[in-house]
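All values derive from a computational prediction rather than experimental measurement. All values below come from the heavy atoms of this structure, side chains included, with hydrogens, waters and symmetry mates left out.
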There are 2 protein chains.
Amino acid sequence: MSEQILTEHINSYVNFSEEELSEIVRFFEVRSYRKKEKLLHAEKRCDTLFFVAKGCLQLYFIDDLGNPKTTQFAMETWWLTDFLAFQYQRPSNFYVETLEKSTVLSISFSKYEELLEKFPKMEKYYRSIFETAYGAALMRIKYIYSLSKEEMFFSFRQSFPEFVQRVPQYVLASFLGLTPEYLSEIKKK
Amino acid sequence: MSEQILTEHINSYVNFSEEELSEIVRFFEVRSYRKKEKLLHAEKRCDTLFFVAKGCLQLYFIDDLGNPKTTQFAMETWWLTDFLAFQYQRPSNFYVETLEKSTVLSISFSKYEELLEKFPKMEKYYRSIFETAYGAALMRIKYIYSLSKEEMFFSFRQSFPEFVQRVPQYVLASFLGLTPEYLSEIKKK
DNA sequence: AAGAAAAATTAAGCTGGTTTAAGAAAATCA
DNA sequence: TGATTTTCTTAAACCAGCTTAATTTTTCTT
């Protein structure tokens, strides 16, 4: 059951009773999506936060030349949205789209506020999640600035072999900030 | 007073009484630093979280060639540390150092845990801070991947003119991911 | 105020990674 | 299953940004 993925994840950070957890889950909408479905559209108001119970999402934008560029992936138990736009209820700078058949729990901004109001312990859960995510983003910037494109690929494959398997190569290329052609050349070695 | 910078900042997110705020402040150590003092050393256990009351800090690492590379700045009311290492009490991947004469409030990891335990509303404060910081980091990655080095500089100067004034050019260059020589060339235009 | 050290500039040559274009392979669909 | 679309590969020409190294300017120290 998809709801259980979320409740177990929450429980690994904060302790809630069974009743509380089932009430928390009611704040979310559970839905399955086919491959390549858009869950969030750039330019539209960013009103939804997503939790991946199964499958894989990407956060991406369209560059000047019309090519999609992936900024972030989210697999099982990861949260995803344009967090800056979400917090201030502004238009999104990104698209969110499935990379494969996925099951996602969604919560609207107003429900998110209600949830945090009603269950203040959820603040602790999200604080931990965002603290880690921000720390990881700083590490990612460190890698971007210290590794060559070739090293980026090998170091990423070492750390997240499952991503390299699951994600199309041109999406991985854009996430790593290189061209599909160059990635192909690197892999040849 | 430096403590007041912190309490006012906290109060802009969560409401606390005067007594609570003065108790919260007691979890922190206030200290002034000269220019170029190290507050956190790479490889050493990351046990401290910093709040800038006055001045400016940088988070940086040393690359293969021995050159320091700035990953993040922090000016007044910003929080800084190696968040990933801090949360898991691991060795730091970064140095933290003053870029100018600064006044900083520091909190150790155990005090941070105590603080959150004793004042659960602080979870909300930090949740908001980290949610925004993570969102901003994703935007930063968007910029890194979509702008040329020249565009990076002009767009950064447009958004944060005060940084460009305050920070040495070679530090700014490393933050933007280009060489000081090339930044110099760009500025000539 | 002078001397030393640190930071910024300039210019030439070079390279990691892009662009373009065309073909091969793999996945999707009727 | 074959047809169509999507993804991946290969190779050559090209360029944004780096490296190197020498000079100038600014900042720091006494």
Side-chain angles (χ1 to χ4, degrees), chain A residues 33-38 55-56 58 60 62-70 73 95 97-102 141 143-157 163-189, chain B residues 33-38 55-56 58 60 62-70 73 95 97-102 141 143-157 163-189:
Chain A
Y33 298 87
R34 280 174 287 109
K35 193 175 177 171
K36 292 204 171 189
E37 273 196 84
K38 278 194 188 62
C56 186
Q58 60 165 329
Y60 71 95
I62 305 289
D63 73 9
D64 299 343
L65 299 140
N67 303 118
K69 300 257 193 180
T70 300
F73 296 120
Y95 297 83
E97 195 175 294
T98 52
L99 280 169
E100 50 188 64
K101 196 159 142 331
S102 304
I141 291 166
Y143 288 132
I144 292 174
Y145 281 170
S146 61
L147 304 182
S148 71
K149 305 275 157 151
E150 189 174 331
E151 289 167 327
M152 281 286 278
F153 170 69
F154 288 116
S155 124
F156 183 80
R157 192 173 62 175
F163 273 85
V164 180
Q165 298 302 320
R166 278 173 73 172
V167 163
Q169 222 175 96
Y170 70 97
V171 173
L172 179 63
S174 98
F175 176 75
L176 296 177
L178 40 70
T179 58
E181 293 81 3
Y182 193 52
L183 179 53
S184 180
E185 192 177 310
I186 286 168
K187 282 184 75 180
K188 208 172 19 167
K189 300 181 188 176
Chain B
Y33 298 87
R34 280 175 288 109
K35 194 173 177 173
K36 291 202 171 189
E37 275 197 82
K38 278 196 189 62
C56 186
Q58 61 165 329
Y60 71 96
I62 306 289
D63 72 8
D64 298 342
L65 298 141
N67 303 118
K69 300 257 192 181
T70 301
F73 296 121
Y95 297 83
E97 194 175 295
T98 51
L99 280 169
E100 49 187 67
K101 196 161 142 327
S102 305
I141 291 165
Y143 288 132
I144 292 173
Y145 281 170
S146 61
L147 302 182
S148 71
K149 304 276 157 152
E150 188 174 331
E151 290 167 326
M152 280 287 275
F153 170 69
F154 288 117
S155 122
F156 183 80
R157 192 174 62 174
F163 273 86
V164 179
Q165 298 302 321
R166 279 172 73 171
V167 163
Q169 221 175 98
Y170 70 98
V171 174
L172 180 62
S174 98
F175 176 75
L176 296 177
L178 40 68
T179 59
E181 293 82 2
Y182 192 52
L183 178 54
S184 181
E185 191 179 311
I186 286 169
K187 281 185 74 180
K188 208 172 21 166
K189 298 182 186 173

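Scanning for side-chain contact (heavy atoms from CB on, under 4.5 Å) contacts around Tyr170(A) gives Lys36(A), Pro168(A), Pro180(A), with sequence neighbours left out. Every side-chain contact (heavy atoms from CB on, under 4.5 Å) that Asp63(A) has, sequence neighbours left out, goes to Phe61(A), Leu65(A), Asn67(A), Lys69(A). Every residue was checked against the ring-ring contact (aromatic ring centres under 6.0 Å, His included) condition with Tyr33(B), not counting sequence neighbours, and none meets it. Qualifying side chain to side chain donor-acceptor pair (under 3.5 Å) partners for Tyr60(B), counting only residues two or more places apart in sequence or in other chains: Glu97(B). Residues meeting the side chain to side chain donor-acceptor pair (under 3.5 Å) test with Gln169(B), sequence neighbours left out: none. Residues satisfying the salt bridge (Lys or Arg N to Asp or Glu O under 4.0 Å) test with Glu150(A), not counting sequence neighbours, are Lys189(A). In terms of the salt bridge (Lys or Arg N to Asp or Glu O under 4.0 Å) criterion, Lys35(B) has no residue partners (sequence neighbours excluded).
Taking atom CG of Asn67(A) as the reference point, atom P of dT20(C) lies 10 Å away to the nearest angstrom. One atom, CD1 of Ile186(A), and another, P of dA11(D), lie 16 Å apart when rounded to the nearest Å. As a whole-Å value, the separation of Lys36(B) NZ from dA7(C) C1' is 9 Å. With rounding to whole Å, Glu100(B) atom CD is found 14 Å from dA7(C) atom P. For the pair Leu183(A) CG and dT7(D) P, the computed distance is 14 Å after rounding to whole Å.
Considering only the side chain of Tyr182(B), dG17(D) comes nearest among dT10(D), dG17(D), dT18(C).
Here the side chains of Met152(B) and Ile144(B) are in contact, with some heavy-atom distance below 4.5 Å.
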- Note on the structure: In B/S/- notation (B base, S sugar-phosphate only, - none; protein heavy atoms under 4.0 Å), nucleotides 21-30 of chain C written 5' to 3' is B------S--

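Note on Lys188(B): only backbone sugar-phosphate atoms sit closer than 4.0 angstrom, heavy atoms only; bases stay farther off.
Within the structure, the salt bridge (Lys or Arg N to Asp or Glu O under 4.0 Å) test picks out the following pairs touching residues 166-188 of chain B (sequence neighbours left out): Glu76(B)-Arg166(B), Glu100(B)-Arg166(B).
Proximity of residues 164-180 of chain B to DNA chain D (heavy atom under 4.0 angstrom from any strand atom) is restricted to Gly177(B), Leu178(B), Thr179(B). Residues from residues 145-154 of chain A lying near DNA chain C, meaning a heavy-atom separation below 4.0 Å, are Ser148(A), Lys149(A) in numerical order.
Not one N or O on the side chain of Thr70(A) forms a donor-acceptor pair closer than 3.5 Å with the backbone of Ser174(A).
Scanning both residues, Leu99(B) and Val167(B), for their nearest heavy atoms gives CD1-CG2, 4.1 Å.
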- Item | Per-nucleotide pairing state of DNA chain C [Watson-Crick or G-U, under 3.5 Å; [ ] pseudoknot-crossing; | other strand] | ||||||||||||||||||||||||||||||

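By the 6.0 Å contact criterion, CZ on Phe154(A) is enclosed, its count of non-hydrogen atoms from other residues, nucleotides or ligands being greater than 12.
Between Phe163(A) and Phe175(A), the distance separating the two ring centers is not shorter than 6.0 angstrom.
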